[in-house]
Amino acid sequence: MYMVYWTEVANGESLAQGRDFPSEEMGSALKFMEELRTRQRAGEGICFVTMSSENPDSVGHPGVADPSPDYNWKKRRR
């Protein structure tokens, strides 16, 4: 799944917006982002256009955490 986030500014007020896209619609999400950026370049009060994704088949948990106690990675040096 993809989420496109942006902020609309009007009369000094900021309003956060978001729109979701299914996993198979990445192209549509990118096209929508470009439409928002085109409006931004035309002078509309749009800023902070960004996209986030979440992979439902991810192996680990999202975010940052300490490794599990059984994790034993070592850097090899020559």
Side-chain angles (χ1 to χ4, degrees):
M1 170 183 264
Y2 300 99
M3 287 291 296
V4 174
Y5 298 102
W6 71 99
T7 301
E8 293 182 5
V9 180
N11 302 322
E13 298 284 323
S14 296
L15 181 61
Q17 301 283 345
R19 181 172 164 189
D20 63 329
F21 293 85
S23 295
E24 61 275 359
E25 294 291 326
M26 182 176 161
S28 297
L30 292 170
K31 182 178 177 183
F32 180 68
M33 289 174 64
E34 188 54 34
E35 290 169 4
L36 289 170
R37 290 187 176 120
T38 299
R39 291 172 51 194
Q40 181 183 35
R41 287 189 295 271
E44 289 190 44
I46 295 175
C47 55
F48 298 105
V49 178
T50 189
M51 180 172 67
S52 180
S53 64
E54 187 170 288
N55 183 353
D57 300 320
S58 181
V59 176
H61 299 289
V64 178
D66 290 330
S68 63
D70 62 338
Y71 184 75
N72 190 20
W73 180 85
K74 290 185 173 49
K75 183 175 181 179
R76 294 184 182 157
R77 297 179 185 245
R78 291 182 175 225

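Keep in mind that the numbers below use all heavy atoms, side chains included, and drop hydrogens, waters and symmetry copies. Residue numbers start at 1 and run along the sequence shown.
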Please list every donor-acceptor pair under 3.5 Å in which a side-chain atom of residues 17-36 meets a protein atom from a residue at least two apart or in another chain.
unit_1, atom_1, unit_2, atom_2, d
S23, OG, M1, N, 2.6
E25, OE1, S28, OG, 2.7
E34, OE2, R41, NH2, 2.7

- Rounded to the nearest 0.5 angstrom, the CD-OG1 distance for E44 and T38 is 10.0 Å
- Query: Taking E8 for the side chain and L15 for the main chain, is one N or O donor matched with an acceptor at less than 3.5 Å?
  - Reply: no
- Item | Taking every non-hydrogen atom, the tightest pair across R37 and V49 | NH2-O, 3.2 Å
